[in-house]
Every structure is written in structure tokens, then in C-alpha cells.
Amino acid sequence: MTATRRSWWRTGLGVVFTALMLFPVYWMINVSFTRDQDMRKSPPYWFPVHGTLEGYRAVLEQQGPFLATSLVVGLGTVALTLVIAAPAAYSLAKLRPRGGGVLSFVLLIAQMIPGVIMAMGFYAIYLSTGVLNTVPGLIVADSTLAVPFAVLIFTAFMSGIPEELMQAARVDGAGALRTFWSVVLPVSRNSIITVSLFAFLWAWSDFVFASTLDQGGGHQPITLGIYHYIGNNNQEWNAIMATAVVASIPATVLLVIAQRYVAAGVTAGAVKD
């Protein structure tokens with residue numbers, strides 16, 4: 001009986017804490033359906049009593065190009081991150097070059113550099129090279145956040161690949177590149193999905209790089225699209241929240257789909273007894 005009470009007590013606490021953490025999400029959805037004249041009502045409506053779809057109409061009419069740009073930037077960041085990070089991690093994990101430990105330490109330190117400092121450095125470089133206010137420039141900048149993390153994640157996964165697989169590839173005459181492409185990458189599927197997910201989410205939600213490097217560009221991401229609704233004398237809160245809801249959908253779908261791959265072991269089923 002005592003164990004049952006403890007179980008109910010823990011479940012109750014879990015429900016309360018979960019509700020507290022998810023309340024901002026609920027309030028975002030609630031405000032997205034709230035009329036402008038009801039925004040400052042005191043006490044506020046806890047439900048959209050006089051609901052409106054004006055915010056979502058604004059999203060469909062105005063935010064489509066911003067969403068498309070964010071999608072391009074996110075996919076481009078994923079592609080560039082994988083192209084750079086996977087071979088680098090393979091070298092660190094399996095080829096073990098000289099200075100590999102130092103490089104791993106540098107990558108760890110790189111993740112501690114504030115994004116604002118990196119954005120200002122990129123601004124000076126892009127201004128002199130003509131890459132400012134371009135989508136490729138934003139992809140490169142966002143990749144600098146994802147690549148160090150991706151290399152560390154890939155290295156940890158690839159270090160656990162059984163040496164029997166590597167030796168079998170060598171016996172079959174495969175070189176380092178063929179082994180990487182035909183053996184290491186297929187086994188590292190879960191780590192690839194993990195890295196791709198985080199790289200996309202970072203690029204999708206980035207505001208610092210976007211506001212610094214693409215403020216005057218013709219193709220701006222959704223984070224700047226939301227920012228355009230905020231002015232000195234007017235804040236379109238239902239449109240802001242409706243855009244936030246729509247922008248959250250791709251990230252939520254990706255998290256739901258990819259969670260089992262992220263949690264799975266990278267070498268599961270790679271070696272059969």
C-alpha cells in the first residue's frame with residue numbers, strides 16, 4: 001500500500017511539473033486565437049472565448065517566404081554539417097591522427113564561444129567578401145554552431161563500432177574511404193539522425209546570426225519574420241503567437257519522429273554472434 005501511495009505521489013508531481021513546463025506552450029496557442037482588443041483584458045481569458053483566426057491568416061499571407069527560407073537554411077546546415085563532421089569524426093575515432101586529442105579539446109572549447117562574438121566576426125568577414133545578407137552565408141554561420149557538437153557526437157558513436165567490422169573491411173581490401181562509406185556510415189545511422197536533428201533545430205531557431213548577417217537580405221528566416229511584427233508602437237501579438245505556433249510544428253514533428261533513433265544504440269545489430 002505504501003509503495004502504491006508513493007507511486008501516485010510521484011505521478012502527481014510529474015503531472016504538475018509537466019503542466020508547469022507546458023503552460024507557456026498552451027498560452028502561446030491561446031494568445032494566437034485571441035482578438036487584439038482582448039489582449040490587455042484583466043483578468044485575461046484562459047481560453048479563446050471570442051476566438052479569431054486573423055493571426056493565422058497573417059501567417060498564410062505574409063510568412064510563407066520566411067518559412068521557406070528557414071527550411072532551406074535548415075536543410076543546408078544539416079548537409080554542410082554532415083559533410084564536414086562525419087569524416088572528421090571518423091578520422092578522430094578510427095584513424096587516430098596525431099594531435100587528435102588536442103583537436104577534440106579545441107572543438108569542446110569552440111562550443112563555449114558566445115554566438116554574439118561569432119556573429120560579429122562573421123559580419124566583418126562577410127562584409128569584405130560580399131556574402132552578407134545571403135542564404136549561403138547564413139548556412140555557413142549556422143554550421144559553425146553544429147559542426148563542433150556533431151564531431152564530438154560522431155566521435156563518441158564511431159569509437160564504439162566494433163573493431164571486427166573494421167578488420168573485416170580491411171581483409172576484403174577496402175581502404176579507409178571505402179570503409180568509411182560502406183561500413184562506418186551505415187552503422188552510424190542513429191548518430192547521423194541525432195546530428196541532423198540538432199543541426200536543423202539550431203538553424204531553424206537561430207536569431208543571433210539571422211539578425212546580424214541577414215537583416216537586410218531579400219530572403220530572411222522565420223525568426224526575423226516574427227520579429228517584423230514587433231514595432232515601437234504596435235505589437236501584433238496574435239500574429240506573433242500564430243507564427244510561433246506554425247514555426248514550432250516542423251520541430252515538433254521531427255522530434256516525435258526521430259526520438260527513437262536518437263535513443264537507440266548505434267551498434268545495435270551490427271555484429272551477429
Side-chain angles (χ1 to χ4, degrees), residues 70-127 129 131-132 134-161 176-177 179-181 184-214 221 223 250-251 254-255 258-259 261-267:
S70 285
L71 182 62
V72 172
V73 172
L75 295 178
T77 300
V78 170
L80 184 59
T81 299
L82 293 178
V83 167
I84 296 175
Y90 170 65
S91 176
L92 291 174
K94 293 302 180 183
L95 303 182
R96 297 180 177 87
R98 290 183 179 180
V102 176
L103 180 58
S104 297
F105 180 74
V106 170
L107 291 172
L108 185 62
I109 296 298
Q111 296 185 80
M112 303 179 185
I113 301 176
V116 175
I117 296 177
M118 297 178 64
M120 297 309 297
F122 273 116
Y123 183 86
I125 297 172
Y126 285 5
L127 187 61
T129 57
V131 192
L132 195 64
T134 63
V135 171
L138 196 56
I139 291 174
V140 172
D142 286 333
S143 298
T144 59
L145 294 177
V147 167
F149 170 82
V151 172
L152 295 177
I153 292 297
F154 273 135
T155 302
F157 274 98
M158 292 178 182
S159 296
I161 297 177
L177 183 59
T179 301
F180 169 71
W181 183 261
V184 175
L185 281 184
V187 174
S188 303
R189 180 191 63 176
N190 295 319
S191 62
I192 292 174
I193 295 176
T194 301
V195 167
S196 300
L197 175 64
F198 281 98
F200 182 86
L201 293 179
W202 278 332
W204 184 266
S205 61
D206 168 66
F207 179 77
V208 174
F209 285 149
S211 60
T212 305
L213 306 176
D214 200 25
T223 49
L254 286 176
L255 286 171
Q259 62 178 346
Y261 295 102
V262 174
V266 64
T267 58

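Since we're looking at a predicted model, the values are computed, not measured.
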A.B. asks: Hey, is the main chain of G137 close enough, under 3.5 Å, to the side chain of Y126 for a donor-acceptor pair?
C.D. replies: yes

A.B. asks: In chain order, what residues pass the side-chain contact (heavy atoms from CB on, under 4.5 Å) check against S205, with sequence neighbours excluded?
C.D. replies: none

A.B. asks: Hey, can you pull the donor-acceptor pairs under 3.5 Å for the side chains in residues 102-110, sequence neighbours left out?
C.D. replies:
unit_1 : atom_1 : unit_2 : atom_2 : d
S104   : OG     : G100   : O      : 3.1

A.B. asks: To the nearest 0.5 Å, tell me how far T212 OG1 sits from L138 CG.
C.D. replies: 10.0 Å

A.B. asks: Could you tabulate the donor-acceptor pairs under 3.5 Å formed by side-chain atoms of residues 141-161, not counting sequence neighbours?
C.D. replies:
unit_1 : atom_1 : unit_2 : atom_2 : d
S143   : OG     : I139   : O      : 2.8
T144   : OG1    : A141   : O      : 2.4
T155   : OG1    : V151   : O      : 2.6
S159   : OG     : T155   : O      : 2.7

A.B. asks: Determine whether a donor-acceptor pair (N or O, by modelled atom type, separation under 3.5 Å) exists between the side chain of S211 and the backbone of V208.
C.D. replies: yes

A.B. asks: Under 30°, 30 to 60°, or over 60°: which ring-plane class applies to W204 and F200, parallel, tilted or perpendicular?
C.D. replies: parallel

A.B. asks: If you take all heavy atoms of L255 and L197, which pair is closest and at what distance?
C.D. replies: CD2-CD2, 3.8 Å

A.B. asks: With rounding to the nearest 0.5 Å, note down the distance linking CG in L80 to CD1 in I84.
C.D. replies: 4.0 Å

A.B. asks: Is any side-chain heavy atom of D206 closer than 4.5 Å to a side-chain heavy atom of P221?
C.D. replies: no

A.B. asks: Using a 4.5 Å cut-off on heavy atoms from C-beta on, say whether the side chain of T134 contacts that of D214.
C.D. replies: no

A.B. asks: Keeping the roles fixed (side chain from Y90, backbone from T179), state whether a donor-acceptor pair exists under 3.5 Å.
C.D. replies: no

A.B. asks: For the atom pair CE (M120) and CD1 (I125), what is the distance rounded to the nearest 0.5 Å?
C.D. replies: 12.0 Å

A.B. asks: Report the distance from atom CG of L213 to atom OH of Y123, rounding to the nearest 0.5 Å.
C.D. replies: 9.0 Å

A.B. asks: With rounding to the nearest 0.5 angstrom, report the CG to OG distance, L75 to S70.
C.D. replies: 10.5 Å

